[in-house]
Amino acid sequence: MTNPIRLLIVGAPGAGKGTQATGLAAAYGVPAISTGDIFRENIKNGTDLGKQVQEITAQGKLVPDSLTNELIRDRLAQDDVAAGFLLDGYPRTVGQVDFLTDLLAEQGGAIDAVVQLVTDTDAVVERLLKRAQEQGRVDDTEEVIRHRQEVYATETAPIIDVYRERGAVVEVDGMGDVDEIAQRILDALAAKGFAPAE
Ligand code: AMP
């Protein structure tokens, strides 16, 4: 069997990260793991974890590392990650980066590549505002949307820097057509020596 591929995807809210994560994971035949989706599923099903995180996620705050890290430890212990995985929305703090690094090191591995979707903030804000108008999302004001972009810039930037120092970051232009962006990601990963297996 070929070596497992362990990928992260990072990008600003509204950058189309979820869409790209799904396509990219399918191309590599690995599961896309989104901590946000796992939390939402638990909230929907009324589990203990769901009850613990409901309030926190509703306020747009981060779930404590202790809970999030244990969730990832369990998820990465499942059989379907044998060929690797694509993480979306985790790690989000430097503490989570450290936890993940140690966890993978225990298995003799590490994150192979971090795909950074680079977007133009004004263009993304404009797109999100249009969507808010079309779908009647009254809470998505320009102020709220801009705030989320700022939080991404301030809180996620240090994480990207950690992986950049390790030489793992692949920057991809995240503006434009969905299929074109998907192809750019595949080309950038292939150039780094991580083409999907045939
Ligand atoms: P997302 O869909 O990735 O934006 O996640 C939705 C919400 O789940 C976030 O606003 C956080 O409250 C929580 N969440 C998701 N991933 C993490 C994480 N890695 N660390 C802490 N909280 C998270």
Side-chain angles (χ1 to χ4, degrees), residues 6-25 30-78 81 85-104 110-111 113-119 121 124-125 127-129 131-132 135 137 139-141 143-163 168-169 172 174 178 181 185:
R6 304 175 183 95
L7 301 171
L8 304 185
I9 187 162
V10 293
K17 192 164 52 77
T19 307
Q20 294 300 338
T22 307
L24 186 59
V30 298
I33 299 173
S34 152
T35 39
D37 282 353
I38 298 174
F39 287 137
R40 275 185 288 276
E41 191 67 21
N42 275 275
I43 292 167
K44 201 175 85 191
N45 294 333
T47 66
D48 282 348
L49 176 67
K51 286 177 192 142
Q52 286 182 73
V53 303
Q54 191 158 17
E55 193 85 341
I56 304 171
T57 57
Q59 293 171 352
K61 294 184 184 158
L62 289 184
V63 172
D65 283 359
S66 51
L67 281 178
T68 313
N69 287 337
E70 286 314 312
L71 181 110
I72 281 292
R73 185 200 292 281
D74 288 349
R75 184 63 188 84
L76 296 187
Q78 290 176 23
V81 300
F85 54 78
L86 170 67
L87 289 177
D88 165 10
Y90 179 96
R92 256 193 173 76
T93 65
V94 173
Q96 292 177 10
V97 172
D98 292 343
F99 178 86
L100 181 64
T101 302
D102 291 347
L103 183 68
L104 296 179
I111 291 298
V114 178
V115 175
Q116 180 189 7
L117 284 182
V118 180
T119 44
T121 304
V124 169
V125 168
R127 193 164 69 198
L128 290 176
L129 273 176
R131 186 179 74 180
Q135 301 181 357
R137 300 184 184 199
D139 293 342
D140 284 357
T141 60
E143 196 187 349
V144 169
I145 291 169
R146 282 205 183 273
H147 179 65
R148 288 202 198 108
Q149 301 290 322
E150 282 160 22
V151 169
Y152 168 77
T154 52
E155 293 188 7
T156 310
I159 290 160
I160 300 174
D161 287 345
V162 172
Y163 286 109
V169 175
V172 176
V178 171
I181 299 167
I185 296 174

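Order of listing sets the numbers, starting from 1, for every ligand and every atom in it. Sequential numbering from 1 along the given sequence is applied to the chain's residues.
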Is there a donor-acceptor pair closer than 3.5 Å between any side-chain N or O of Arg92 and the backbone N or O of Gly89?
yes
Keeping Gln20 on the side-chain end and Val178 on the backbone end, is there a donor-acceptor pair under 3.5 Å?
yes
Those residues with a heavy-atom separation under 4.0 Å from ligand 1 are Thr35, Gly36, Phe39, Arg40, Thr57, Lys61, Leu62, Val63, Thr68, Gly89, Tyr90, Arg92, Gln96
Option among Asp88, Ile185, Val30 that satisfies the side-chain contact (heavy atoms from CB on, under 4.5 Å) test with Leu24
Ile185
Under 3.5 Å donor-acceptor pairs involving side-chain atoms of residues 36-45, not counting sequence neighbours:
unit_1, atom_1, unit_2, atom_2, d
Asp37, OD1, Arg40, NH2, 2.9
Asn42, OD1, Thr47, OG1, 2.7
Asn42, ND2, Ile38, O, 2.8
Asn45, ND2, Glu41, O, 3.3

I'd like to check the salt bridge (charged side-chain N to carboxylate O under 4.0 Å, His left out) partners of Asp98; sequence neighbours left out, ordered by chain and number.
none
Only counting residues at least two apart or in another chain, list the ones meeting salt bridge (charged side-chain N to carboxylate O under 4.0 Å, His left out) with Arg73.
Glu70
